[in-house]
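These notes concern the structure reproduced below.
For clarity, every value in this text was computed on a predicted model and none was experimentally measured. For the numbers below, each heavy atom of this structure counts, side chains included, while hydrogens, waters and symmetry mates do not. Note that the numbering runs from 1 along the sequence shown for the chain.
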Amino acid sequence: MTKKIVQFEYEKETKNSVRYKEIPDDGTPPIIGSLYVQKWFAGNTKSLEITIEKKD
């Protein structure tokens, strides 16, 4: 199993969600890219952290 923590920062608000853009590690391409989170959960949060786990 491989775990990866991916960082996101606020990009913009849409009608019902907030869009966050990934902050990739230096020299690596984005894993997820943009992430849309519903406004009721995101609130005023300016940064998010997502943990991804690969199961082989």
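- Under the 4.5 Å side-chain contact rule for hydrophobic residues, I5 and I50 do not share a cluster.
- Atom OG1 of T51 is separated from atom NZ of K4 by 10.5 Å, given to the nearest 0.5 angstrom.
- The closest donor-acceptor contact from the side chain of E22 to the backbone of Q7 lies at 3.5 Å or more, if one exists at all.
- For residues 36-52, the pairs satisfying salt bridge (charged side-chain N to carboxylate O under 4.0 Å, His left out) are E13-K39, with sequence neighbours left out.
- Of all non-hydrogen atoms in A42 and V37, the two that sit nearest each other are CB-CG1, 3.9 Å.
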Check the pair N16, Q38 against side-chain contact (heavy atoms from CB on, under 4.5 Å), reporting the backbone distance first and the verdict last.
CA-CA 6 Å; N16 295 314; Q38 297 300 302; 4.1 Å; yes
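- Between the CD1 atom of I31 and the CD1 atom of I52 there is a distance of 5.5 Å, given to the nearest 0.5 Å.
- Heavy-atom minimum distance, T45 versus Y20: O-OH, 2.8 Å.
- Side-chain contact between I32 and K21: absent, with no pair of heavy atoms (C-beta onward) separated by less than 4.5 Å.
- In this structure, Y36 is not a member of the same hydrophobic cluster as W40, with clusters built from ILVMFWY side-chain heavy atoms closer than 4.5 Å.
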Report the C-alpha distance between I23 and V6 in whole Å, list the side-chain angles of each, state the deciding distance to 0.1 Å, and finish with yes or no for side-chain contact (heavy atoms from CB on, under 4.5 Å).
CA-CA 7 Å; I23 305 169; V6 183; over 6 Å; no
